[in-house]
Amino acid sequence: MRSIIGLGGAIAITCVLCPTASAQERGNSYFNERVAAPSHALEFKVGTGYTQGFGNIAPGRTLADVGSAGLGVSVDLDYRLSHHLSLGVETQYQQLTPQQNATARALAVNIGATYHFMPTMRGDPWLRLGTGYRMVWEVDPSGQVDVTQLHHGFELGTAKLGYDVRVSEDVAIAPVIGADLTMFAWDNPSTASDGAMTSAQVGTFVYAG
């Protein structure tokens, strides 16, 4: 099993700069060193970082009305089909800063494919594309006491761009940026049954970690 660990931006940058400095002293590029590429193996990834939503979540209501910048935590399980390509499932939980409510949080689940551009190098850039489903909860929206409002819909597309710094054949640290495009189509207040919105709304969440 191959482990990929995603850390916050500052930590990741520190880890990147340190090996670069020592590599320069050796007169060699650390990132161009060759490492055996995984194939037909499980990959387990854990990440955390900044997240924020933009756009609309319901008619007359924006994602900024629900929550501002927050913290996202993701878990990803992939199968590496070849040196370059892996397929898998990702789940990300997001705790947002509440705005017109008491609590705001989100959960997204998607399936996707990851392409590794330089799998035999210590520095390996990659791109992940996927699609899935997103749910956003807010507690006591607009002062409604003891009410939980669920907004949900399809993640039409997700994209993540990362850079594996492979500290060994089995472990890598990867700074990541990403975004999704979600079509919110249903509302489910705790005081009523689930129902379709009068018109679907489109929003996006950005991520960096």
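Along the sequence shown, residues are numbered consecutively beginning with 1.
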Carboxylate-amine/guanidinium contact D78 K45, below 4.0 Å:
yes
Enter the distance from R166:CZ to I173:CD1 here, rounded to the nearest 0.5 Å.
13.0 Å
Is there a side-chain contact (heavy atoms from CB on, under 4.5 Å) between H151 and W137? Walk through the geometry before answering.
CA-CA 6 Å; H151 313 275; W137 292 268; over 6 Å; no
Is there a side-chain contact between V206 and Y50, using heavy atoms and a 4.5 Å cut-off?
yes
Taking all atoms of both residues into account, what is the closest heavy-atom pair of P119 and A37, and its distance?
O-CB, 3.4 Å
Quick one, I57 and T62 - any side-chain contact, counting heavy atoms below 4.5 Å?
no
When the ring planes of H84 and Y115 are compared, do they come out parallel, tilted or perpendicular, using 30° and 60° as the limits?
parallel
Report the hydrophobic cluster partners of V147, with the cluster defined as I, L, V, M, F, W, Y residues connected by side-chain heavy atoms closer than 4.5 angstrom, directly or transitively.
none
In this structure, would L77 and V109 fall into the same cluster of hydrophobic residues linked by side-chain contacts under 4.5 Å?
no
Side-chain contact test, heavy atoms from C-beta onward, threshold under 4.5 Å: evaluate it for V139 versus N101 and give yes or no.
no
Following the transitive rule for hydrophobic clusters with a side-chain heavy-atom cut-off under 4.5 Å over Ile, Leu, Val, Met, Phe, Trp and Tyr, establish whether I177 and F54 coincide in one cluster.
no
Value for CG (N32) from CZ (R122), rounded to nearest 0.5 Å, stands at 11.5 Å
Any idea which heavy atoms bring G72 and T51 closest together, and the distance?
N-CG2, 3.8 Å
Would you say V136 and F205 make side-chain contact, with heavy atoms under 4.5 Å?
yes
M118 versus P125: any side-chain heavy-atom pair under 4.5 Å?
yes
Kindly work out whether a path of hydrophobic side-chain contacts (I/L/V/M/F/W/Y, heavy atoms less than 4.5 Å apart) joins L87 to V89.
no
Is the backbone of D180 close enough, under 3.5 Å, to the side chain of T204 for a donor and an acceptor to pair up by distance?
yes
For S199, does its backbone N or O pair with a side-chain atom of Q201 as donor and acceptor, under 3.5 Å?
yes
Compare every heavy atom of E155 with every heavy atom of T131, then report the nearest pair and how far apart it is.
OG1-O, 2.8 Å
Please determine whether residues L96 and L107 belong to a single hydrophobic cluster, defined as Ile, Leu, Val, Met, Phe, Trp and Tyr linked transitively by side-chain heavy-atom distances below 4.5 Å.
no
Please walk me through it: do H83 and T120 pass side-chain contact (heavy atoms from CB on, under 4.5 Å)?
CA-CA 8 Å; H83 295 329; T120 60; 5.5 Å; no
Measuring from T114:OG1 to L129:CG, what's the distance to the nearest 0.5 Å?
8.5 Å
If we ignore hydrogens and angles and just use 3.5 Å, is the side chain of R128 paired with the main-chain N or O of S86 as donor and acceptor?
no
Does CG belonging to L127 count more than 12 external heavy atoms closer than 6.0 Å?
yes
Hey, what do you get for CZ (F154) to CE (M183), rounding to the nearest 0.5 Å?
6.5 Å
Heavy-atom closest pair (M197 atom, A58 atom, distance to 0.1 Å) is SD-CA, 3.9 Å
With the 4.5 Å side-chain cut-off for hydrophobic clustering, are W186 and V202 part of the same group?
yes
Answer yes if the side chains of Q94 and Q92 hold a donor-acceptor pair under 3.5 Å, and no otherwise.
yes
Mark yes or no for whether S74, through its side chain, and T91, through its backbone, hold a donor-acceptor pair below 3.5 Å.
no
Can you name the closest pair of heavy atoms from S39 and L81 and give their distance?
OG-O, 3.8 Å
Less than 4.5 Å apart, any side-chain heavy atom of P141 and any of R61?
yes
Rounded to the nearest 0.5 Å, the CG atom of L71 sits from the OH atom of Y93 at a distance of 9.5 Å
Any side-chain to backbone donor/acceptor pair from T158 onto G130? Under 3.5 Å, distance only.
yes
Less than 4.5 Å apart, any side-chain heavy atom of T103 and any of Q95?
yes
Which atom names give the shortest non-hydrogen contact between Q52 and S68, and what distance separates them?
CG-C, 4.2 Å
Can a side-chain donor-acceptor contact be found between Q99 and T97 if the only test is distance below 3.5 angstrom?
no
Mind checking the CG-CG spacing from D65 to N56? Nearest 0.5 Å is all I need.
9.0 Å
Checking side-chain polar atoms at under 3.5 Å, does S168 have a donor or acceptor matched by the opposite partner on D170?
no
Report yes if some heavy atom in the side chain of W126 is under 4.5 Å from a heavy atom in the side chain of V176; otherwise report no.
yes
